[in-house]
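Heads up, the thing below is written out as structure tokens.
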Amino acid sequence: RPRVLSGIQPTADSYHLGNYLGAVRQWDALQADYEPFFFIADQHAITVEQDPKVLRRRTLVAAAQLLAAGVDPERSAIFVQSHLPEHAQLAWVMECLTGFGEARRMTQFKDKSAKGGEGASSVGLFAYPMLMAADILLYRPAYVPVGEDQRQHLELTRDLAQRFNSRYKKTFRLPEPYILKETAKIYDLQDPTSKMSKSASSPGGIIEMLDDPKVSAKKIRSAVTDSGSEIRFDEESKPGISNLLRIYSALTGSTVEKLEGEYVGRGYGDLKKDLAEVVVDFVTPFRTTTFELLDDQTHLMSVLEKGAEQAREVATRTLADVYERVGFVPPA
Ligand code: AQP
């Protein structure tokens, strides 16, 4: 079975609906036909300052949410990035292959460093895409399921893989992005032309999966809508309604066309009220399962330990190949 690999950062108390629909949901779906490796990217998290206690807690909350979302430890290797030193070791090799200008062109770095001023950004934030390339290439996956915002990083990963293969010897498989058009980008409820984001969205713009469902329902009911009154998918002139239809369709399996048909002659308020119920029905069991899993940390830790073992089997082999090819003398 071809491999898939993806990661998610433990940088919030809860995943948001964009993380879930854009990425984690695909992880669940891919388990049947692929050999999956999924990890909690705690090393990526510290590219910006983190409180150690909070980071530790969020790492376990992230793992519990993966399980609650249907990622199954019997079928997938679920692990914590820092448990595998091979990620940082291969990242160094990737950094040495990357041009400075090439790294500077990464839009996520540009956006994030612009916020705090480039002087306030860490070298780690700059090197983030090379660590991400290492995360991926270690496992030689066929596909990497991510949201649209990660496409550029994945292109860099492919360039680096190709560069390594031609400079040394064919070692890496060129991974393909696995991005589902319908949910590639979930937008902010208050600013539906920007992506829903933990760092950029206002509290009213983001649905936190572990939030009180009543709060989430209220956020949906207060979502910004567009001028006019017709419920129609049109990203250009109706970004707010289009985003709500996109979420509605993703959570119910109903197509956008079918939803448009059901809401002919009805108002924005009806759509928001119904979607609020759909969201409540979806997040309620998700929260309960996540909190139950967090009550048994011994089980969670054993899942992560088993996942790290499975990951290590693959990662150590790739790193040994890389070290041999770049000319490092193996220890006696
Ligand atoms: N709005 C979104 N729509 C679809 N997919 C999304 N992802 C994130 N936001 C959306 C996808 O979620 C996965 C986890 O990514 P991450 O842990 O690296 O978080 P992120 O991309 O940094 O998430 P945020 O909320 O956007 O954080 P900030 O604000 O810090 O940048 C990835 O596959 C991502 O594509």
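Numbering of ligands and ligand atoms starts at 1, following listing order. Starting from 1, each residue takes its place in the sequence as its number.
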Can you report which non-hydrogen protein atom sits closest to [atom], along with the distance?
{"atom": "atom 6 (C) of ligand 1", "result": "Gly18 O, 3.4 Å"}
{"atom": "atom 15 (O) of ligand 1", "result": "Asn19 ND2, 4.1 Å"}
{"atom": "atom 33 (O) of ligand 1", "result": "Gly147 N, 3.2 Å"}
{"atom": "atom 26 (O) of ligand 1", "result": "Lys195 NZ, 2.3 Å"}
{"atom": "atom 21 (O) of ligand 1", "result": "Asp149 OD2, 3.0 Å"}
{"atom": "atom 28 (P) of ligand 1", "result": "Ser199 OG, 3.3 Å"}
{"atom": "atom 4 (C) of ligand 1", "result": "Ala184 O, 3.2 Å"}

Should you measure from each heavy atom of [X], which atoms of ligand 1 turn up under 4.0 Å away?
{"X": "Gly22", "answer": "4 (C), 5 (N)"}
{"X": "Ile8", "answer": "14 (C), 17 (O)"}
{"X": "Tyr128", "answer": "18 (O)"}
{"X": "Thr183", "answer": "4 (C)"}
{"X": "Ala23", "answer": "12 (O), 13 (C), 33 (O)"}

Validation row, ring centre [X] to ring centre [Y] under 6.0 Å:
{"X": "Tyr20", "Y": "Tyr15", "value": "no"}
{"X": "Phe126", "Y": "Phe100", "value": "yes"}
{"X": "Phe109", "Y": "Tyr128", "value": "no"}

Nearest-0.5 Å distance, CE of residue Met106 to CG of residue Leu156 = 4.5 Å
Any side-chain donor-acceptor pair under 3.5 Å between [X] and [Y]?
{"X": "Asp135", "Y": "His44", "answer": "yes"}
{"X": "Asp321", "Y": "Thr318", "answer": "no"}
{"X": "Thr11", "Y": "Arg58", "answer": "no"}
{"X": "Tyr263", "Y": "Asp274", "answer": "yes"}

Heavy-atom nearest neighbour of [atom] within options [options]:
{"atom": "atom 27 (O) of ligand 1", "options": "Arg246, Lys198, Gln9", "value": "Lys198"}
{"atom": "atom 25 (O) of ligand 1", "options": "Lys185, His16, Arg151, Met196", "value": "His16"}
{"atom": "atom 31 (O) of ligand 1", "options": "Arg25, Lys112, Glu148, Gln108", "value": "Lys112"}

Trace of the ring-ring contact (aromatic ring centres under 6.0 Å, His included) decision for His87 with Phe39 = CA-CA 11 Å; His87 287 242; Phe39 68 96; 5.6 Å; yes
Just do the ring-ring contact (aromatic ring centres under 6.0 Å, His included) check on Tyr139 and Phe38 with the steps written out, would you?
-> CA-CA 11 Å; Tyr139 301 92; Phe38 298 130; over 10 Å; no
Is the Tyr168 ring parallel, tilted or perpendicular to the Phe164 ring (thresholds 30°, 60°)?
-> tilted
Is the shortest distance from a heavy atom of Trp27 to ligand 1 less than 4.0 Å?
-> no
Geometric N/O contact Ile186 with ligand 1, under 3.5 angstrom = yes
